[in-house]
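Working notes, structure below.
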Amino acid sequence: MKYDFTAIEKKWQKTWDEKKCFAAVNGSDKPKYYVLIEFPYPSGEGLHVGHPRPYTAMDIVARKRRMQGYNVLFPIGFDAFGLPTENYAIKHKMHPREVTKRNIARFTEQLKMLGFSFDWDRVIDTTDPEYYKWTQWIFLKFFEKGLAYKAKMPVNWCTSCKCVLANEEVVDGVCERCGSEVVRKEKSQWMLKITEYAERLLNDLDELDFIERVKTQQRNWIGRSTGAEVDFETTAGDKLRVFTTRPDTLFGATYMVISPEHEILRSWLLRLENKDEVIAYQEAAARKSDFERTEMAKEKTGIELKGVRAINPVTGNEIPIFISDYVLATYGTGAIMAVPGHDDRDWEFAKKFGLPIVEVVRGGNVEEAPYTDIENGVMVNSGFLNGLSVENAKSKIIEWLTAKGIGKEKVNFKLRDWVFSRQRYWGEPIPLVYCEKCGWVPVPESELPVLLPDVESYETTDTGESPLALMDEWVNTSCPKCGGKAKRETDTMPQWAGSSWYYLRYMDPDNKDALVGEDAIKYWNRVDWYNGGMEHTTLHLLYSRFWHKFLYDLGLVPTSEPYAKRTSHGMILGEGGEKMSKSRGNVINPNDIVNEFGADTLRLYIMFIGDFEKAAPWSSTAVKGCKRFLDRVWNLAEKAMAMPDKGYSPKNEAAIHRTIKKVGDDIENLKFNTAIASLMSLVNEFSENGCNKADVKILLILLSPFAPHIAEELWERLGGKGLCCGQPWPEYDEAKTVEAEITIAVQINGKLRTTVTVANNSEDSVVIDTVLSDEKVKRAMEGKELVKTIVVKNKLINLILKYQSS
RNA sequence: GCGGAUAUGGCGGAACUGGCAGACGCGCCAGACUUAGGAUCUGGUGUCUUCAGACGUGCAGGUUCGACUCCUGUUAUCCGCACCA
C-alpha cells in the first residue's frame, strides 16, 4: 500500500471528531492542563503559513499532556472584531457580519485540515452578542469602579483608519496596522486606568515563568523610575514642580525647562516680554506629530521665557526658564530642572544656549562631557551633600526636601492610560448613555448586550466621529436613571477588548449567567502554558494581565495572573529571508502544501525548520525532506507488520530509550527541531539494524504529537489497541540509554589523534591501558615523555607529552 | 544613543554543567535500479593537502591539558525602547 496522506488525514480527522477525543472535561478527576494559543484574527486572506507554527507547537504539547494522563483544555476561537474586516466589507459592499462569518468558516476548515487537537465544542467568537455581552459587562465594572473615564486629551489619530489609536498601536510614528501617518488630535476619549495597576503589573512579573525577553519588554514599557518631585519658587510668585531621578544634583540645576504645552504658561503669558516668540514656538510644536518631534531630536530647540525666573531652593540662585519640546508634557510634571553637568540632554541644550555648567559630582570633566556615572561619583559644590556618594546624597536631599515641605520622593511610570474608544462600526458598543441631567449612565446589566445596530451604511465619517453617530434611531434613547432624553455613546471598543479575557470564556463557553462559572474557574484556575507572538507583548499580553488583575480584585477569578507560563515563536519568512507579504508575492499558502505533501508533512516541516523562538526562512525543497521521512516510516511499518511484537529488538533498545528521553525533554524546552532530528536518527537506525513491531510502535507513539494522522493509521495497521493518540506517553530507563560499548576520544596535547572503543563505565586504568597500546598513540609517543593524563569518564582522554630531556 | 539577542559548511541548523565541531535535513557528487526520473535505494560531502597531516565556529587577544562554549576588546546584523528627566 502506498502512503495516501489525503485519505488518511480525512479519515482520522473524522474519527477524532466523532469520538470527541480532544474534548476537555470540566471537573474531571484527572489533573488539568490548560494550553493556549493566541486565537486568530479571521482575515480575508485565510490561514497564513505562519499560523501553524505556534499552533502545531502547542498541539504537540497538548497531545503529549493527554498521553501523560492530563485532562487538557486546548481551545480555539476567533478574534473577529476589527478594522480589516470592516474595510473589506466597505470595499465589497457587504456587511462585516457576513464577511466575518465567511472568514471564520474558511479558517475553521483550514484549521481542521491540519489536524489540531482543539476542543471544537468550545469555539468562541468575539463578535457573537452572547460573547460581547460579557466584554461590555466587564467594561461596566471598570466604569463602576472609576477605572473607565472620559477625558479630552491629545490622542494618536490614524489618518487612514480615521480612528484613534492606543500608544501601544503606534509604531515609529505610524499606524501599527496600516502604516499610515499618525497625527495628534484633541479628542474626548474613554480611557482605562491601566496606570493604577502599573506597580503590580511590574512586580508580579517576577514570579511568572515568562521568557526573559517578554519580561524585559514589559518592564521597559511600564518604565518605572524613582526620584523626587521638587517645587521651585518663581519670580511670578507661584511654584513650578519638577520630577527628577537625580535629586542629588539639585545644586547643579542651572536652568529649568518646561514643555510647550505646560499649563503654567497661560498664567505667565502676560508677564512675558517675548510673548509672541513663545506663542509661535508653542504653535510650531503643536503642529508637529510626536514622531516629527523625536525625528528632530538631533538638534535641540527652545525659547527662554523673559520675565519669569525660578529660584533654586538650595543655592538660592535665580535661574532662567525655557520652553522646549525635548521636555514631554505627558511625563512627570511636564517640567524639569536641568543639570547640564550630569545629564546628556541638558548638557547638549546648555552648550547650545551658552548656559552655565556646574560640576556637582566629581569623576569626569563636565566641560568636555556630562558625567552620568552614579556608581563612582562623589558630591562636590553641593553644600551639605559634599563628600557623599550619589546614593547617599539622594536620600539625604530627599529627607531635607521633605522636612522643608518643598519636595518628596516620587515614583513615575512611562505607562500611560489606555485610550479605549474607536470611531468605527465593527467593534463592541460601549454600553453607556449620556443624559443631560445625569451625565454618563451605564446601561443596566439586564439590558446587555447593547447590540450593534443592523444597518446598511457603516462607513467612516470625515468628522472623526464614529459611524454609529449618524444612526439617530439607535443613538437617541432614554436615560436608564431619570427616563429623560439621552444619547448612546457612539464610539466602540478597540480590538484588544474581546481578547483581554477570552481565555476565561473557554473554561465555560456557554454560561448564560456569568462570564465564567464559579466551578469552571475553580477547576481550570488559569492558563498553564500560553504561546504567542512577541508583537503582542506590550499590547494584548499586557492588557489581558491588567483585565485579569481587575477581575481578581472583584473576586471573580482566583489568581492575580492569567498565564503561568509564556513562550514565543519566531516568524516564518519568505524563501529569500524577507518577510512574507502579498506585495512581495512570496506568501506560501498552507493549502498548497497540504495538497501536495499532506498535513503531517507540513506540521513536521514547520517544526523542523529551525529554532522555534527565532525567525526562519521557508524552503520549499526542505519540505520534501520531511515527506521523505514519513515515507520511510511508512515503509518501515509495512515491513514490520509480519515481525514479532514482544519487546524492543536488542540492537535498537538503547537508541529507543535515548529517543524517548530526547523527544520528551525537547518538547518541554521548545526544541521541536532536535526532537524531530532524533526521531529521524531513530528511523535511520531502524533501517540499518532492522526492527520489529514493538520498535515501530514506540516510534509511532513518539511521532504522533508531530504527525498524528500517519501515526494513527500505522498504529491501526500494526494492530495497536485503541487510538495512538490515547496511548500513554512512554517511559525510558536512564541506565538503558547508553550502549554497552562506547567510543572514547583520544587527544594528545589537546588535539584529537584517534578514538578507541571500550566498555561503558570502564575504569580509568583500563582506558589508559587500551589507549597506550594503540598503534597510533605509540607512534606519537616515540621519543616523548608522558607528563600528565586527563581522563573524562566515558568521553575523552588527553595525554600530555613532552620531549624527553636527556 | 540606551537595552537585549545573534554571528558555526553551499543552505536551514546541531553541540548537555568547558571535553570527538558540523547531529538531523536540504543541496551537491558518484553509483544501483530504470524506457525515463525532479521517484526510490546505496555511498560520499568543512577547507587546504606533499595523504603524513595542517587549518577551521564574525575579527584581535587572553584564561585552560582542552574554548563555538569562559574573560577583555572589536565589527556586523536583527529586535525592542527611543529626548521618559
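Each chain gets a letter, A, B and so on, in the order the sequences are listed, and its residues count up from 1.
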## Note on the structure
Considering only heavy side-chain atoms of A:Leu796, the closest of B:rC20, B:rA39, B:rA85 is B:rC20
### Shortest side-chain distance from A:Lys795, nucleotide among B:rC16, B:rC83, B:rA15
B:rC16
### Message
Heavy atoms only, 4.0 Å cut-off, all strands: where does A:Arg632 land among base, sugar-phosphate and nothing?
### Response
sugar-phosphate
### Shortest side-chain distance from A:Asn798, nucleotide among B:rC65, B:rG13, B:rC24
B:rC65
### Query
If you look at every strand shown and take non-hydrogen atoms under 4.0 Å, does A:Thr743 touch a base, only sugar-phosphate, or nothing?
base
### Task
Please determine, for the side chain of A:Pro617, which listed nucleotide (B:rC20, B:rG12, B:rA85) has the closest atom?
B:rG12
### Query
Within the structure shown, what part of the strands sits under 4.0 Å from A:Ser681 by heavy-atom distance: base, sugar-phosphate, or nothing?
sugar-phosphate
### Task
Given salt bridge (Lys or Arg N to Asp or Glu O under 4.0 Å), test A:Lys300 with A:Asp346 step by step and report yes or no.
CA-CA 10 Å; A:Lys300 296 226 172 351; A:Asp346 298 346; over 6 Å; no
### Query
How far, in whole Å, is B:rA23 from B:rU8 if one measures between their P atoms?
16 Å
## Note on the structure
From CZ of A:Arg213 across to P of B:rC78 the rounded distance in Å is 17 Å
### Query
Which nucleotide sits closest to the side chain of A:Ile790: B:rC20, B:rG19, B:rA23?
B:rG19
## Note on the structure
Out of B:rG13, B:rC81, B:rG80, minimum distance to the side chain of A:Gln217 belongs to B:rG80
### Message
I need the CD1-C1' distance between A:Ile800 and B:rG19, as an integer number of Å.
### Response
12 Å
### Proximity to the side chain of A:Thr674 - top-ranked nucleotide from B:rA85, B:rA23, B:rC20
B:rA23
#### Entry: Which residues share a side chain to side chain contact (heavy atoms under 4.5 Å, CB included) with A:Ala335, sequence neighbours left out
A:Leu240, A:Val242, A:Ile258, A:His262, A:Thr333
### Task
Can you figure out which of B:rC26, B:rG19, B:rA14 approaches the side chain of A:Ala622 most closely?
B:rC26
Distances under 3.5 Å between protein N/O atoms and the N/O atoms of nucleotides 52-58 of chain B, please, pair by pair.
from: B:rA54; atom 1: OP2; to: A:Arg753; atom 2: NH2; distance (Å): 3.4
from: B:rC55; atom 1: OP2; to: A:Lys751; atom 2: NZ; distance (Å): 3.2

### Task
Compare side-chain N and O positions of A:Asn684 against OP1 and OP2 of B:rG25 and report whether any pair is under 4.0 Å apart.
yes
### Task
Using whole Å, report how far CZ of A:Phe608 lies from P of B:rC26.
8 Å
### Task
Tell me what A:Ala338 touches on the nucleic acid: a base, only sugar-phosphate, or nothing, going by heavy atoms under 4.0 Å.
nothing
### Output field: ring centroids A:Phe597/A:Tyr605 closer than 6.0 Å
no
### Query
With sugar-phosphate meaning primed atoms plus P, OP1 and OP2, does A:Asp611 contact a base, only sugar-phosphate, or nothing at under 4.0 Å between heavy atoms?
sugar-phosphate
### Summary
Given the 90°-from-0 boundary between syn and anti, B:rG9 should be labelled syn
### Task
Considering non-hydrogen atoms only, spot the tightest contact between A:Ser324 and A:Pro260 and give its length.
O-CD, 3.4 Å
#### Entry: Most 5' of A:Tyr605 and A:Phe413 on RNA chain B, judged by nearest nucleotide
A:Tyr605
### Considering all heavy atoms, the nearest A:Ser259-A:Leu328 contact
CB-C, 3.9 Å
#### Entry: Between B:rA14 (P) and A:Asn669 (CG): distance, integer Å
13 Å
#### Entry: Residues A:Asp4 and A:Lys2 bridged, charged N to O under 4.0 Å
no
### Query
Considering only B:rG27, B:rG25, B:rA85, which nucleotide approaches the side chain of A:Arg628 most closely?
B:rG27
### Query
Within this structure, what is the CZ-to-P distance between A:Phe612 and B:rU6, rounded to whole angstrom?
18 Å
### Span that lies between the C1' atom of B:rU63 and that of B:rU72, in whole angstrom
11 Å
### Message
Taking the basic N atoms (NZ, or NE/NH1/NH2) and the acidic carboxylate oxygens, is any pair closer than 4.0 Å for A:Glu596 and A:Lys624?
### Response
no
### Message
Measuring only the C1' atom in each nucleotide, how far is B:rG22 from B:rG12? A whole number of Å is fine.
### Response
13 Å
#### Entry: Spacing of the C1' atoms in B:rG62 and B:rG18 (rounded, Å)
16 Å
#### Entry: Whole-Å C1' distance, B:rG9 and B:rA14
13 Å
### Query
Could you give the CD-to-P distance, from A:Gln747 to B:rG19, as a whole number of Å?
11 Å
## Note on the structure
Between A:Asp325 and A:Thr301 the two heavy atoms that sit nearest each other are OD1-OG1, 3.8 Å
### Task
Anything under 30° is parallel, anything over 60° is perpendicular, the rest tilted; go ahead and classify A:Tyr255 against A:Phe349.
parallel
### Message
Regarding B:rC26, can its base be found pairing with the side chain of A:Lys624 as donor and acceptor, where the two atoms are less than 3.5 Å apart?
### Response
no
### P spacing across the pair B:rC24 / B:rG61, given as an integer number of angstrom
34 Å
## Note on the structure
Counting only Watson-Crick and G-U wobble pairs with both atom distances below 3.5 Å, the stems of 3 or more consecutive pairs that include RNA chain B are B:1-7 with B:75-81, B:10-12 with B:24-26, B:27-32 with B:40-45, B:46-48 with B:53-55, B:58-62 with B:70-74
### Query
Think A:Asn673 has a side-chain N or O under 4.0 angstrom from the OP1 or OP2 of B:rA14?
yes
### Summary
Comparing nearest nucleotides in RNA chain B, the 5'-proximal residue of the pair A:Thr244, A:Gly625 is A:Gly625
### Task
Using the C1' atom on both, measure B:rG46 against B:rG27 and round to a whole Å.
15 Å
#### Entry: Spacing of A:Lys671 atom NZ relative to B:rG12 atom C1', expressed in whole Å
15 Å
### Query
Can you find a heavy atom in the side chain of A:Glu229 that is under 4.5 Å from one in the side chain of A:Glu409?
no
### Query
Between B:rC51 and B:rA39, how far is it from one C1' atom to the other, in whole Å?
38 Å
### Query
Side-chain donor or acceptor of A:Asn220 under 3.5 Å from a matching atom on the base of B:rC81?
no
### Task
Return the orientation label for the A:Tyr331 and A:Phe243 ring planes: parallel under 30°, perpendicular over 60°, tilted otherwise.
perpendicular
### Task
Specify the separation, in whole Å, of atom CD1 of A:Ile606 and atom P of B:rC26.
17 Å
### Message
Which heavy atom of A:Val327 sits nearest to which heavy atom of A:Val257, and what is that distance?
### Response
CG2-CG1, 3.5 Å
### Message
Looking at B:rC65, I'd like to know if its phosphate oxygens (OP1 or OP2) sit under 4.0 Å from a side-chain N or O belonging to A:Thr789.
### Response
no
### Query
Do A:Asn673 and A:Asp611 meet the criterion of a side-chain donor-acceptor pair at a distance under 3.5 Å?
no
